[in-house]
Protein chains: 2
Amino acid sequence: MAEMKNICILGSTGSIGKNSLEVIANFPNRFRVQYLSANTNTCALKEQIDRFHPKAVAVLDKLSAANLIHSLNGSIKIFSGEEGLRELVNQKDFDILINSLVGFAGLRPTIEAIKNGKTVALANKETLVVAGEIITALIEKHNAPLIPIDSEHSAILQCLMGENHDKINRLILTASGGPFLHLDKKNFKDVTVAKALKHPNWKMGNKITIDSATLMNKGLEVIEAHWLFKLPPEKIDVLIHPESIIHSMVEFVDGSVKAQMGVPDMKIPIQFALTHPERAVSNFDRIDFVKQHKLTFLKPDIKKFECLKLAYDALRIGGTAPAILNAANEIAVELFLGGKISFNRIPQLIRKALEKIPIKHSPSLDDIIDTDNATRIYIETLKKRNRKL
Amino acid sequence: MAEMKNICILGSTGSIGKNSLEVIANFPNRFRVQYLSANTNTCALKEQIDRFHPKAVAVLDKLSAANLIHSLNGSIKIFSGEEGLRELVNQKDFDILINSLVGFAGLRPTIEAIKNGKTVALANKETLVVAGEIITALIEKHNAPLIPIDSEHSAILQCLMGENHDKINRLILTASGGPFLHLDKKNFKDVTVAKALKHPNWKMGNKITIDSATLMNKGLEVIEAHWLFKLPPEKIDVLIHPESIIHSMVEFVDGSVKAQMGVPDMKIPIQFALTHPERAVSNFDRIDFVKQHKLTFLKPDIKKFECLKLAYDALRIGGTAPAILNAANEIAVELFLGGKISFNRIPQLIRKALEKIPIKHSPSLDDIIDTDNATRIYIETLKKRNRKL
């Protein structure tokens with residue numbers, strides 16, 4: 001019988017957060033929901049509070065927090081704003097942090113949790129993208145386990161169980177290719193937000209769905225894989241696999257390849273992150289290989305999906321380059337989602353930012369935060385100066 | 001630096017034997033060829049002696065042995081006949097036995113090696129098929145590691161590294177489907193030996209190639225997997241995968257599936273058996289997923305390939321039933337290869353043997369040998385009585 005673990009979920013009303021709660025609900029004797037956090041969706045958060053009875057919650061948006069405080073009438077502790085989120089993460093009485101915040105905002109809570117020696121189940125890929133070096137050093141110092149939730153990195157982690165890391169020849173990160181895999185590049189400028197939000201296989205939040213359409217999501221995962229598995233960029237390959245059944249693979253020095261597969265359901269990697277290194281019985285759908293019938297593979301087209309190339313470039317440059325890549329991408333995606341720029345402008349803005357923002361090597365956390373800010377300002381300015389962007 | 005291991009290869013002039021020597025040739029500081037054995041092919045054996053300088057060899061066929069003794073003129077010790085093979089296996093100064101004998105003949109040498117505490121790298125699948133219970137008990141008693149060389153079982157072994165065996169939901173053994181996957185069953189009676197010997201993906205010996213065409217090979221592997229991984233027949237599935245890239249898979253209780261892949265080259269599982277649980281660098285071909293482009297899957301048709309069903313039946317019946325299945329199959333394949341019976345008669349003969357030969361439960365080694373003999377005599381008699389077979 002495994003010991004009861006207390007869980008804190010940041011971003012509990014998002015896609016990963018909801019799936020995490022579904023997983024936890026299947027293990028009432030193994031996991032307890034101790035803390036939850038949301039941005040503005042207090043409606044969904046209230047339902048989660050009623051169902052899972054956390055000890056406290058945090059609401060990032062202060063107005064939303066005030067509304068929730070009023071409606072719950074003191075029945076539960078509610079933290080509010082960024083400082084509230086920080087206070088929540090620094091509570092002593094939980095074991096595992098599920099960090100499913102979106103974007104750069106996920107960095108600080110990861111750091112706090114690592115410093116407190118918590119196990120971090122990480123869905124926020126930006127944490128490792130922008131501050132991989134710092135996070136890696138902190139993990140070693142505080143001996144805090146960091147388990148990826150991303151299906152690709154979970155797949156690699158599973159393929160590496162019982163294996164010697166020195167015997168890895170290369171990682172093969174699979175990518176669905178997104179909704180525009182077969183669209184001609186010259187039509188990228190006419191891609192609508194609605195079309196870009198239609199992912200062929202996965203139901204996810206808006207930001208990551210756009211990142212999947214540009215293949216930046218895979219680029220961020222390449223950088224994340226670099227830090228998680230300590231491999232150089234030339235040992236991390238990307239392979240288009242439109243069915244999203246093989247979640248990633250590892251090729252070893254003897255020519256043997258191991259792949260981890262599953263139906264496209266985030267509950268499988270979430271559960272694995274929570275039970276790691278063990279597995280637990282689940283009622284999730286199984287792959288029916290006969291019904292699935294075939295798995296296909298294509299080479300990624302980096303001329304068409306320039307974001308993937310830019311991510312490799314940023315990783316090779318190192319220092320604050322990935323932080324620039326990430327900040328420029330966050331703003332560009334926001335602009336696209338807001339109907340302010342066309343789809344094909346996303347990589348252009350990122351490329352410009354990588355060319356213009358000065359890069360610092362071996363950056364401190366402050367350097368990363370400064371770079372993040374500078375990049376965001378630069379992209380906004382670029383946008384204001386050039387309405388045709 | 002790994003310690004030098006001395007190797008004894010039984011069946012060194014066969015397909016697995018030759019591939020094993022190719023693997024060993026890549027590791028002159030890690031493996032030394034100490035003993036070799038062949039049946040009649042002294043020409044190939046002589047070349048191997050010249051290249052690898054074993055301490056001694058055994059030749060099963062006494063006339064061939066006499067010829068070799070004459071031509072080598074005392075430069076090397078040559079054992080002869082069955083008793084000679086036995087003497088070779090019982091030499092003390094080797095570490096790993098590669099048993100690539102074909103058929104029932106592989107059983108006794110495996111038993112001797114286990115009793116002597118040797119590591120057994122097993123390509124002779126009949127060993128576990130006919131005497132799984134006895135072998136399993138001996139392995140436990142003598143604490144002798146038995147590593148499968150079959151690509152399917154090697155794949156499963158690799159997928160299970162670092163995993164808890166209690167968390168296996170099912171094994172998925174893949175099968176190419178052989179040359180007659182898409183042939184109508186009514187044409188099975190007209191299948192020629194030449195066509196049956198043309199395997200789409202693997203270059204192997206005649207017996208195993210015919211077994212692949214009838215799917216008996218997969219049936220034998222199901223029984224072998226039962227003993228190797230201690231799982232009931234309902235947890236061992238067979239999936240047709242014509243490309244032979246995925247060598248087998250394991251589905252775990254959480255819904256996650258792990259697959260091991262590689263180009264169809266026996267040198268990969270042979271090397272893994274020799275270096276297990278480590279991996280070593282190889283120059284074998286790598287899978288090019290872009291060139292490979294797709295992997296497909298089909299449900300096996302057990303009405304068409306009755307041998308597969310008969311193997312499951314024999315496994316479920318237990319006792320000496322798998323020994324009857326195996327002996328009847330060996331003789332039926334021999335008769336087919338000799339042009340004495342048509343392809344579609346193979347399962348019919350096996351089914352008759354399973355119906356007629358008395359089955360003993362918890363058999364002794366003598367019971368198994370007696371059953372093997374009785375089955376061979378029964379099939380031969382059946383053949384003589386009915387020329388139309």
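Values reported hereafter were calculated over all heavy atoms of this structure, with side chains retained and with hydrogens, waters and symmetry mates removed. All chains are named by letter (A, B, ...) in the order of the sequence lines, taking the proteins before the strands, and each is independently numbered beginning at 1.
Of the atoms belonging to A/Ile172, it is side-chain heavy atoms, and not backbone ones, that fall under 4.5 Å from chain B. For B/Gln292, no part lies near chain A; criterion is any non-hydrogen pair under 4.5 Å. For a residue to count as touching a neighbouring chain, one of its non-hydrogen atoms must lie under 4.5 Å from one of that chain's; by this rule A/Ile246 touches chain B with the side chain only. Proximity to chain A is limited to the backbone of B/Ala280, based on heavy atoms less than 4.5 angstrom apart. For chain B, the nearby part of A/Asn169 is the side chain; its heavy atoms alone come within less than 4.5 Å. Only the side chain of A/Leu239 comes within contact range of chain B, with heavy atoms under 4.5 Å apart. When heavy atoms are compared at a cutoff of 4.5 Å, A/Ile268 approaches chain B solely by way of its side chain, counted from C-beta outward. Looking at A/Glu243, there are no atoms closer than 4.5 Å to chain B (heavy atoms on both sides), in backbone or side chain.
Atom CG of A/Asn143 sits in a sparse spot, with 12 or fewer heavy atoms from other residues, nucleotides or ligands closer than 6.0 Å. Enclosure of atom NZ in A/Lys167 by more than 12 non-hydrogen atoms of other residues, nucleotides or ligands within 6.0 angstrom is indicated. Within 6.0 Å of NZ on B/Lys185 lie more than 12 heavy atoms contributed by other residues, nucleotides or ligands. The local environment of NZ in A/Lys304 is crowded, with over 12 non-hydrogen atoms from other residues, nucleotides or ligands closer than 6.0 Å. Open room surrounds NZ on A/Lys299; 12 or fewer heavy atoms of other groups in view lie less than 6.0 Å from it.
The distance from atom CZ of B/Phe297 to atom CG of A/Leu295, rounded to the nearest 0.5 Å, is 4.0 Å. For the atom pair B/Phe289 CZ and A/Met249 CE, the distance stands at 3.5 Å (nearest 0.5 Å). In this structure, the separation between CG on B/Asp254 and CD on A/Glu278 is 10.5 Å, given to the nearest 0.5 Å. To the nearest 0.5 Å, atoms OG (A/Ser256) and NE2 (B/His247) are separated by 8.0 Å. Atom CZ of B/Arg286 sits about 12.0 Å away from atom CZ of A/Phe252, to the nearest 0.5 Å.
Of the possible donor and acceptor atoms, one in the side chain of B/Lys258 sits under 3.5 Å from a partner among the backbone N and O of A/Gln158.
Among all heavy-atom pairs drawn from A/Arg170 and B/Ile287, the shortest one is NH2-O, 3.8 Å. Listed here is the closest heavy atom pair of B/Gly162 and A/Met161: O-CE, 3.4 Å. In terms of heavy atoms, B/Ser282 sits closest to A/Gly255 at OG-N, 4.2 Å.
Chain B forms the most heavy-atom pairs under 4.5 Å with one residue out of A/Gln271, A/Lys291, A/Glu251, and that residue is A/Glu251. In terms of non-hydrogen atom pairs under 4.5 Å with chain A, the most contact-rich of B/Met261, B/Arg279, B/Gln260, B/Lys294 is B/Arg279.
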